[in-house]
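What you see below is based on every heavy atom in this structure, not just the backbone, and it leaves out hydrogens, waters and symmetry mates. We name chains A, B, ... by the order of the sequence lines, and we start the count at 1 in each one. These figures come from a predicted structure and were not determined experimentally.
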There are 2 protein chains.
Amino acid sequence: MAEEAHGLGRHTRQRQQVTALLEETDEFRSAQRLHEMLRARGVPVGLTTVYRTLQILAETGEVDVIRLPSGEHLYRRCSAGRHHHLVCRHCARTVEIPGPGVDQWAGRIALQHGYVDIAQTLELFGTCADCAAQSGT
Amino acid sequence: MAEEAHGLGRHTRQRQQVTALLEETDEFRSAQRLHEMLRARGVPVGLTTVYRTLQILAETGEVDVIRLPSGEHLYRRCSAGRHHHLVCRHCARTVEIPGPGVDQWAGRIALQHGYVDIAQTLELFGTCADCAAQSGT
DNA sequence: CAACTTTCGGAAACGGTTGTCATTATAGTC
DNA sequence: GACTATAATGACAACCGTTTCCGAAAGTTG
């Protein structure tokens, strides 16, 4: 029997590389960027595979996903616990915001209106101190 | 001198039709759907124009916009005051949630981390009572 | 090692949205 | 009412991140 500690099925070289790359930093990065980075370091992996791997990891909750206003998805290794993100819209620097309170609030609201199976999308976008300083002066 | 009560520039037949259609109901509808509806009732308007008009209306805060997980945008005439939406993921029935509290919370968090110029995206998606009853039984 | 199954990955398709640009409509001015 | 500068229109093509297709390659099992 195979070890299924992760949501992925088979233990392939490509998937290992993707997850390894995600482990390296906390930055949110797009699928395309991750693909680029792997190619740059000589790992021959297809863009399709990167997308698929990230999709699986996202479904099983092993990575966090946020969606930029532009529509592209950014991925990052997941830290434990329910939380939201405060993301710099220029450099993507991210701060994690523990947000159990928002969940409760959402659940309460939903119940009041008879809605079930609630999902919420809460992300905060802003300009971080560094980026503000650069463009400001 | 022209009347500039709205954010739109010239007062064209097409833009009047789009805004008029938005006034009719509170439903969230996509640009494509609005376009379809206008054509169906014999108003010859281009899809591009509908997109552009909605974009302007959204920028000037005259319509609310939400983004579905699929990436498509839904528009609806705006009601006054800061608020969020509880949207049924099946029928798009929407309840407005007054949410000044979330704004304050977001502002406080952002300040703590030195972020400025904050924008937040908070939408609640769920299944409304009717839709839940239909699929459940 | 052989047989079987999953995964890979290049290329093409997708779908909502935006850009292009010649044509048309609008709103001040004469 | 015409005239004219200028903004808006709209058919079509381009965009762009993402997904699908499907034959080839690699992983897994017995």
Between atom CG in A:Leu47 and atom C1' in D:dC21, what is the gap in whole Å?
15 Å
Would you say B:Thr49 places a side-chain N or O within less than 4.0 Å of OP1 or OP2 belonging to D:dG10?
yes
Side-chain donor or acceptor of A:Arg52 under 3.5 Å from a matching atom on the base of C:dG9?
yes
On the side chain of B:Ser30, is there an atom forming a donor-acceptor pair with the base of C:dG16 - under 3.5 Å, no angle test?
no
Any donor-acceptor pair under 3.5 Å linking the side-chain atoms of A:His83 with those of A:Asp64?
yes
Before we go on, tell me: are the rings of A:His85 and A:Phe28 under 6.0 Å apart, centre to centre?
yes
Any donor-acceptor pair under 3.5 Å between the side chain of B:Thr12 and the base of D:dA7?
no
Atom CG of B:Leu68 to atom C1' of C:dG16: distance rounded to whole Å?
12 Å
Give the rounded distance in Å between these two atoms: CD of B:Gln16 and C1' of D:dA8.
13 Å
A:Leu54 atom CG is separated from D:dT19 atom P, nearest whole Å, by 10 Å
Map B:His73 and B:Gln14 onto DNA chain C by nearest heavy atom, then report which one ends up closer to the 5' terminus.
B:His73
CG of A:Leu34 versus C1' of D:dT18: gap in Å, rounded?
15 Å
Round to a whole Å and report the spacing from CG of B:Leu57 to P of D:dA8.
13 Å
When you measure from the side chain of A:Thr60 to the backbone N and O of A:Ile56, does any donor-acceptor pair fall under 3.5 Å?
yes
Winner on side-chain proximity to A:His11, out of D:dG10, D:dT28, C:dG9, is D:dT28
Atom-to-atom span, OH of B:Tyr51 to P of C:dG15 - whole angstrom:
12 Å
Regarding D:dC16, can its base be found pairing with the side chain of A:Ser70 as donor and acceptor, where the two atoms are less than 3.5 Å apart?
no
Can you check whether A:Arg13 has a side-chain N or O nearer than 4.0 Å to OP1 or OP2 of C:dT7?
no
In this structure, how many angstroms lie between the P atom of C:dG9 and the NE2 atom of A:His35, rounded?
8 Å
Going hydrophobic residue to hydrophobic residue with side-chain gaps under 4.5 angstrom, can you get from B:Trp105 over to A:Leu86?
yes
Would you say that A:Thr53 contacts A:Gln14 through its side chain, given a criterion of any heavy-atom pair below 4.5 Å between the two side chains?
no
Is a donor-acceptor pair below 3.5 Å formed from side chain B:Arg10 to base C:dG28, judging by atom type as modelled?
no
If you look at every strand shown and take non-hydrogen atoms under 4.0 Å, does A:Gln55 touch a base, only sugar-phosphate, or nothing?
sugar-phosphate
